[in-house]
Colleague: 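Take a look at the following structure, please.
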Amino acid sequence: MSNPNTASAWAPRIIRPADASVSASPEGLAEYLRATDPGDLLVQSRAVVFRGFGVSGDSYDGVADLLLPDRLAYVHGNSPRTKVGRNLYTSTEYPAEFEISMHNEMSYAHAWPSRILFFCDIAAATGGATPVVDGKLWLDSIDPEVREAFRAGVRYTQNLHDGMGFGKSWQATFETDDRAEVEAFLNRAEAEWTWLPDGTLRVTQVRQATLKHPVTGTEVWFNQADQWHTAGLGEDAAALAELMPEEDLPQNAHFADGSPIPAEYITHVQEVGMKVAVDVGWEVGDLLFVDNVAVGHGRRAFTGERRILVAMS
């Protein structure tokens with residue numbers, strides 16, 4: 001588990017049956033977890049790989065429930081996913097040839113999961129590692145000029161169509177077709193929102209760019225401006241931006257005051273995050289347990305079939 005581009009000494013902890021002094025089975029892992037405080041484990045290690053316990057789709061729930069006592073639905077999530085179980089989803093469904101930049105899950109939202117659990121159901125033929133990054137190292141590695149520019153936060157804008165259009169629909173995003181339920185959610189989130197004449201829901205939120213960890217107090221980079229800004233979304237997004245007004249794009253990001261974020265700032269943040277990340281290569285049955293505030297994650301390009309599932313709490 002390494003990345004030749006990083007000088008970071010930190011890497012996720014790997015726990016195997018012999019390390020935990022239990023049998024190489026899902027039951028052995030469950031035994032270990034019942035005797036362990038997952039919260040303390042994450043504070044100490046920030047990310048943990050459980051390997052060699054033979055976890056499968058059939059045994060996943062029993063183990064996952066010990067790590068994520070209250071699984072969250074992916075409500076107001078902006079990534080394309082498929083729900084495959086009890087608040088269990090496929091990882092982001094972007095084409096295999098593209099990398100997914102570093103991010104903390106739902107850092108653009110008013111509330112985010114504190115824990116993420118990835119499960120390897122099918123490992124890629126080549127590539128497909130999940131890079132993880134120490135959020136403090138990422139913050140410290142960003143140019144001071146860029147950090148200062150983001151001090152006031154990020155303004156995120158979504159245009160969620162009514163069933164046909166670019167990007168996600170508001171029904172898929174909020175897992176409901178009840179407008180009143182969506183409006184209540186957004187009001188609780190203190191987001192600005194409006195229904196457009198064609199049924200599109202436009203949502204605007206101003207959120208933090210950095211965050212202090214609730215237990216350790218460590219400040220980390222904690223936003224997804226680069227994943228919402230057209231400069232961070234590749235050629236397809238750039239082409240779409242030429243075809244329609246900026247305010248109508250499926251999603252976009254600006255500085256908190258509404259002023260534009262320079263494209264070079266977005267590129268810098270993405271490049272730094274990937275450079276200082278550590279790759280977690282997958283073996284079938286692996287579980288990767290992540291502190292979603294302390295650690296960001298992404299995806300390397302891959303070939304062949306790859307199926308990584310994700311749940312949150």
Side-chain angles (χ1 to χ4, degrees), residues 5-8 10 46 76-79 92 99-114 116 131-159 189-193 202-234 237-238 241 246-247 249-278 290-299:
N5 294 323
T6 179
S8 170
W10 175 81
R46 288 170 277 176
H76 204 184
N78 74 315
S79 296
T92 302
E99 288 190 332
I100 297 175
S101 61
M102 307 308 299
H103 61 285
N104 303 79
E105 203 64 50
M106 298 185 71
S107 58
Y108 54 83
H110 77 292
W112 44 81
S114 59
I116 304 177
V132 290
V133 64
D134 179 324
K136 182 181 185 302
L137 175 63
W138 191 7
L139 174 63
D140 291 345
S141 301
I142 292 171
D143 188 280
E145 176 185 328
V146 177
R147 292 200 307 265
E148 180 60 28
F150 277 91
R151 180 178 294 277
V154 179
R155 178 179 294 271
Y156 299 97
T157 301
Q158 287 174 294
N159 287 297
E190 299 181 349
E192 299 175 15
W193 56 271
R202 178 171 293 168
V203 180
T204 302
Q205 309 173 85
V206 176
R207 306 299 182 201
Q208 72 294 310
T210 68
L211 187 70
K212 290 188 177 180
H213 192 280
V215 176
T216 66
T218 300
E219 187 175 13
V220 299
W221 187 252
F222 195 81
N223 69 81
Q224 284 170 254
D226 66 291
Q227 293 197 329
W228 288 59
H229 194 287
T230 53
L233 295 174
E246 183 182 61
E247 63 269 20
L249 290 170
Q251 62 186 44
N252 208 340
H254 296 79
F255 288 126
D257 63 2
S259 60
I261 302 173
E264 59 269 27
Y265 284 13
I266 295 297
T267 302
H268 172 71
V269 167
Q270 287 190 329
E271 290 179 347
V272 168
M274 292 303 254
K275 181 179 180 180
V276 299
V278 178
V290 175
D291 182 322
N292 186 47
V293 174
V295 172
H297 64 275
R299 190 198 72 186

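Nothing fancy with the numbering, it's 1 onward along the sequence.
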Colleague: Please determine whether side-chain contact (heavy atoms from CB on, under 4.5 Å) holds for the pair His110 and Arg207, giving the CA-CA distance in whole Å, both sets of side-chain angles, and the decisive distance to 0.1 Å.
Modeller: CA-CA 7 Å; His110 77 292; Arg207 306 299 182 201; 3.4 Å; yes
Colleague: Can you find a pair of side-chain heavy atoms, one from Glu246 and one from Leu249, that are under 4.5 Å apart?
Modeller: yes
Colleague: Nearest 0.5 Å, please: how far is CD in Glu264 from CG in Asp143?
Modeller: 11.0 Å
Colleague: Do Val132 and His297 have side chains that get closer than 4.5 Å, going by heavy atoms?
Modeller: yes
Colleague: Taking all atoms of both residues into account, what is the closest heavy-atom pair of Ser141 and Val272, and its distance?
Modeller: CB-CG1, 3.5 Å
Colleague: When rounded to the nearest 0.5 angstrom, what distance separates CD1 in Ile100 from CE in Met274?
Modeller: 9.0 Å
Colleague: So, do Asp134 and Arg46 sit near enough that their side-chain heavy atoms are less than 4.5 Å apart?
Modeller: yes
Colleague: Can you confirm whether Glu247 sits close enough to Asn252 that some side-chain heavy atom of one is under 4.5 Å from a side-chain heavy atom of the other?
Modeller: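 No, every pair of side-chain atoms sits at 4.5 Å or beyond.
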Colleague: Would you compute the distance between atom OH of Tyr156 and atom OH of Tyr108 and round it to the nearest 0.5 angstrom?
Modeller: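 Answer rounded to 0.5 Å: 9.5 Å.
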Colleague: Is the backbone of Ser101 close enough, under 3.5 Å, to the side chain of Gln227 for a donor and an acceptor to pair up by distance?
Modeller: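 Such a contact is found between Gln227 side chain and Ser101 backbone.
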Colleague: Starting at CG of Asp291, measure out to OG1 of Thr216 and round the result to the nearest 0.5 Å.
Modeller: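 Asp291 CG to Thr216 OG1: 8.0 Å, rounded to 0.5 Å.
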Colleague: What's the separation between atom NE2 in His254 and atom CD1 in Ile261, rounded to the nearest 0.5 Å?
Modeller: 7.5 Å
Colleague: Which atom pair, heavy atoms only, marks the closest approach of Ala253 to His229?
Modeller: O-CD2, 3.6 Å
Colleague: Could you check if a side-chain atom of Asn104 sits within less than 4.5 angstrom of a side-chain atom of Asn292, using non-hydrogen atoms only?
Modeller: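 Yes, close enough: below the 4.5 Å cut-off.
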Colleague: Over all heavy atoms of both residues, which pair between Phe255 and Pro262 is shortest? Give the atoms and the distance, please.
Modeller: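 Between these two residues, the closest heavy atoms are CE1-CD, 3.8 Å.
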Colleague: Specify the closest pair of heavy atoms between Lys136 and Val220, including all atoms of both residues, with the distance to one decimal.
Modeller: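 Here Lys136 and Val220 meet closest at N-CG1, 3.6 Å.
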Colleague: Trp138 side chain to Val269 main-chain N or O, any donor-acceptor pair under 3.5 Å?
Modeller: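 The answer is yes, because a donor-acceptor pair under 3.5 Å joins these two groups.
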Colleague: Decide yes or no for His268 and Glu145: does some side-chain heavy atom of the first lie under 4.5 Å from some side-chain heavy atom of the second?
Modeller: no
Colleague: Would you confirm whether Gln270, through its side chain, and Gly232, through its main-chain N or O, come within 3.5 Å as a donor-acceptor pair?
Modeller: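 Checking the backbone N and O of Gly232 against the side chain of Gln270, a donor-acceptor pair under 3.5 Å is found.
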Colleague: Please name all residues satisfying ring pair (Phe, Tyr, Trp, His ring centres under 6.0 Å) with Tyr265, sequence neighbours left out, ordered by chain then number.
Modeller: none
Colleague: Distance from Thr210 atom OG1 to Glu219 atom CD, nearest 0.5 Å?
Modeller: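 With rounding to 0.5 Å, OG1 (Thr210) is 3.5 Å from CD (Glu219).
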Colleague: What is the minimum heavy-atom distance between Val133 and Gly273, and which atoms define it?
Modeller: CG2-O, 4.0 Å
Colleague: Measure across Ala209 and Asn223 and return the closest heavy-atom pair with its distance rounded to 0.1 Å.
Modeller: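 So the two residues come closest at O-ND2, 2.9 Å.
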Colleague: A side-chain contact here means heavy atoms from C-beta on lying under 4.5 Å apart; do Phe222 and Ser107 qualify?
Modeller: yes
